[in-house]
Amino acid sequence: MRGSWMLVVSLAGRLALGGEPSRPSSPDPVAVDRGRTALLAHGYLKAEWGIDAYRNAWKFWGTPAPDPEADPEGYARAFASYYGLHPAPYDNEGLPMGLRWSKKADGTKAGFQVDCMACHGGSIAGKSYVGLANSTVDYELLLFDLFRADGRRPPLVPFTINTARGTVNAGMMSIVLLSVRNPDLSRRTFPLLLGSNLPELDAPAWWVLKHKTTMYQDGRTPAASVRSIMQFLLAEKTRAEFEALEPTFADIRAYIGSLEPPAYPLPIDATVAARGKAVFERSCARCHGTYGPVRSYPNKLVPLDVVGTDPARLLGISDRAVEHYNASWFAEHHPVSLDRNGYQAPPLDGIWATAPYLHNGSVPTLHALLHSTERPARFTRPPSTELEHYDARNVGWKFTPVEASPAASPAPRKTSREAHFVYDTHRYGLGNQGHTFGDKLTEDQRMDLIEYLKTL
Ligand code: HEC
Ligand code: HEC
């Protein structure tokens, strides 16, 4: 571990600030178009659940619901709201974004599946966006209820999927699926012991990917890797199927690289924001880059002892897991770095829309991110992403701090759904420490800076 931020690892750091050298040339518009259709109009997994599992899920809610036959739109809205999904901003044949009908060869419905947008599709202030990470989904509840509604027992999952809304353990999903494959992707009878323990995470917004040369929170994977974003298909695809789908995912990758962040929807004070820009350039730009017509992004991987945020995502992936991935088809052209460098300082485009903050979503607002003593230890997650739950002053979701229930007095028993509305930073991987770079600002400078961040 390196001792000072001067030694921050900078993969693209040889590129001077100014100009746009680290930004790949804009993707081919024809590939982008094909990718949009490939992502938004097709599913890639078999029907995991029967059609009736969707219609019957409400029976587990304990509350009345609109009739799925008589009022399908009302039912889709209630379903989305219960599990934290969002309306699709594309034709999704009546399903909330993140679910997708699976079709038989003759085009009739065979059942349905989840797709990328269950985690990578969100909404804010009444509008849905592909690529805005889903900050409200209760992925565990969604999966388990769907299995139950399908008349099946939920699968035994050897890790925690999520303890809070909006975070999900995508890393362990991949590692467990990879552990039952050989490097050539043939199936194993006995899983390899890959020895990792990753926590649940807050997915990055897709629109920042085009600025990065490395991806994922630890910046160990080259951002150009198409195969790495196909890991979600490991549940069922064979090597030959992966190879056949690679060009389609290259198009999907091009589409992801074409996405832009939504603009802040409320008024911004330009004078205050201009003062904030100066604060940003003094205190933040060396790690997060500069914005505007001529931009720069240094793609810095910041050592743990400098950034100081929760170590579990960085240290929880074992060398054995990385070596197994690197020996496989996925890494053939783009291996994962063997160095455990730190966390990647992400581009901050559209940051107003992507609370909660940090890789694990442990900080509910920008104000608390920039004033570390103010961060709540336990806080509520919003019931929806409507504007009424948005905090335009502190920038992020309104929350209520939650006291720990004293061990002596038994707390009223909560269902896991209720419990998942509380984010608890005492849990594994969910610590809210570190990134104290805003602490020494005055309150006026902090407020100026926040006004500027709304413009990105
Ligand atoms: C179960 C939730 C989930 C699903 C489904 C999912 N992802 Fe992700 N995705 C995540 C999480 C969480 C991360 C952050 C992982 C990390 O950095 O360790 C991520 C990271 C990514 C990134 C890297 C972004 C960056 O800037 O570093 C890309 C690209 C991506 N996913 C694409 C996809 C695609 C394409 C699909 C569908 C084939 C998909 N994901 C399905 C949760 C999910
Ligand atoms: C020494 C490098 C460094 C400096 C200086 C720095 N940051 Fe960061 N920042 C990081 C890293 C690394 C992360 C990711 C940490 C993590 O998620 O664990 C991060 C994360 C963030 C995030 C959360 C991003 C997200 O998607 O959740 C915001 C917002 C942010 N920084 C804003 C700022 C602002 C504003 C300043 C100036 C006061 C600043 N940073 C200064 C390195 C830095």
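Atoms within each ligand, like the ligands themselves, are counted from 1 in listed order. Being a predicted model, the structure only gives us computed values, none of them experimental.
- Relative ring orientation between Trp206 and His120 is described as parallel, the plane-to-plane angle staying below 30° on a 0-90° scale split at 30° and 60°.
- Between Thr309 and ligand 2, an N or O atom pair is found at a separation short of 3.5 Å.
- If you number the atoms of ligand 2 from 1 as listed, the ones under 4.0 Å from a heavy atom of Pro346 come out as 13 (C), 14 (C), 19 (C), 20 (C), 24 (C).
- Looking at atom 24 (C) of ligand 1, its nearest protein heavy atom turns out to be Pro204 CG, 3.9 Å.
- Between Trp329 and Phe242, the two ring planes are tilted [angle within 30° to 60°].
- Contact annotation: Gln344 has at least one heavy atom less than 4.0 Å from an atom of ligand 2.
- Residue Trp206 touches ligand 1 through its side chain alone, judged by heavy-atom distances below 4.0 Å.
- Contact annotation: His288 places an N, O or S atom under 2.8 Å from atom 8 (Fe) of ligand 2.
- Between Leu358 and ligand 2, at least one pair of N/O atoms sits closer than 3.5 Å.
- Looking at residues two or more places apart in sequence or on another chain, you find no salt bridge (Lys or Arg N to Asp or Glu O under 4.0 Å) involving Asp444.
- Between Phe112 and Trp49, the angle of the ring planes lies from 30° to 60°, which puts this pair in the tilted group.
- Look at Lys103 and Glu93 and you find a salt bridge, because one of the NZ, NE, NH1 or NH2 atoms lies within 4.0 Å of a carboxylate O, short of that distance.
- Residue Arg313 touches ligand 1 through its side chain alone, judged by heavy-atom distances below 4.0 Å.
- For atom 20 (C) of ligand 2, the choice among Lys440, His435, Arg446 with the nearest heavy atom turns out to be His435.
- When only non-hydrogen protein atoms are considered, atom 27 (O) of ligand 1 lies nearest to Tyr216 N, 2.8 Å.
- In summary, of the residues considered (Thr163, Asn169, Asn162, Thr160), a side-chain hydrogen bond (donor to acceptor under 3.5 Å, both in side chains) with Glu200 occurs for Thr163 alone.
- Interface atoms of ligand 1 facing Tyr139, defined by a heavy-atom separation under 4.0 Å, are 1 (C).
- Applying the 4.0 Å criterion to heavy atoms of Val307 picks out, from ligand 2, the atoms 11 (C), 12 (C), 15 (C).
- Which parts of ligand 2 touch Tyr357 is read off a 4.0 Å heavy-atom cut-off, strictly below it: atoms 27 (O).
- The pair Glu48-Arg100 does not meet the salt-bridge criterion, since no charged nitrogen lies less than 4.0 angstrom from a carboxylate oxygen.
- Using a cut-off of 2.8 Å, one finds that Cys287 contributes no N/O/S atom close to atom 8 (Fe) of ligand 2.
- Less than 4.0 angstrom separates some heavy atom of Val168 from each of these atoms of ligand 1: 1 (C), 2 (C), 12 (C).
- With a 4.0 Å cut-off on non-hydrogen atoms, Leu369 touches ligand 2 through its side chain and not its backbone.
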Please list, one pair per line, the donor and acceptor atoms closer than 3.5 Å that link side chains of residues 330-339 to other protein atoms, with sequence neighbours excluded.
residue: Glu332; atom: OE1; partner: Arg227; partner atom: NH1; Å: 2.7
residue: Ser337; atom: OG; partner: Asp339; partner atom: N; Å: 3.0

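- For a distance threshold of 2.8 Å, the protein N, O or S atoms nearer than that to atom 8 (Fe) of ligand 1, listed by chain and number, are His120 NE2.
- Against a heavy-atom cut-off of under 4.0 Å, Val302 is close to the following atoms of ligand 2: 2 (C), 12 (C).
- Between Phe79 and Tyr83, the ring-plane angle classifies as tilted under the 30° and 60° cut-offs.
- Contacts with ligand 2 closer than 4.0 Å are made by no heavy atom of Asp310, backbone or side chain.
- For Asp145, the salt bridge (Lys or Arg N to Asp or Glu O under 4.0 Å) test picks out Arg148, with sequence neighbours left out.
- Contacts of Ile351 with ligand 2, taken as heavy-atom pairs under 4.0 Å, involve the side chain alone.
- Of all the atoms in ligand 2, the ones that sit under 4.0 Å from a non-hydrogen atom of Leu366 are 29 (C).
- Counting the atoms of ligand 2 from 1 in the order shown, those under 4.0 Å from a heavy atom of His359 are 16 (C), 17 (O), 18 (O).
- The residues Arg320 and Glu323 are annotated as not salt-bridged, no charged nitrogen and carboxylate oxygen being separated by less than 4.0 angstrom.
- For ligand 1, the atoms sitting less than 4.0 Å from at least one non-hydrogen atom of Phe249 are 38 (C), numbered in the order shown with element in parentheses.
- Ring-plane geometry between Trp352 and Tyr264 is classed as perpendicular, the angle between the planes exceeding 60 degrees on a 0 to 90 degree scale with a lower cut at 30.
- Only the side chain of Lys212 comes within contact range of ligand 1, with a heavy atom under 4.0 Å; no backbone atom does.
- Counting only non-hydrogen atoms, the option in Leu201, Asn134, Leu143 that gets closest to atom 15 (C) of ligand 1 is Leu201.
- In this structure, Arg417 satisfies the cation-pi test against Tyr82, with its NZ or CZ atom closer than 6.0 Å to the six-membered ring centre and inside 45 degrees of the ring normal.
- Using a cutoff of 4.0 Å between basic side-chain nitrogens and carboxylate oxygens, Asp218 and Arg340 are not scored as salt-bridged.
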>> Checking Tyr44 against Phe249 for the ring pair (Phe, Tyr, Trp, His ring centres under 6.0 Å) test, could you report, in this order, the C-alpha distance in whole Å, the side-chain angles of both residues, the deciding distance, and whether it holds?
In response: CA-CA 11 Å; Tyr44 296 93; Phe249 275 76; 5.4 Å; yes
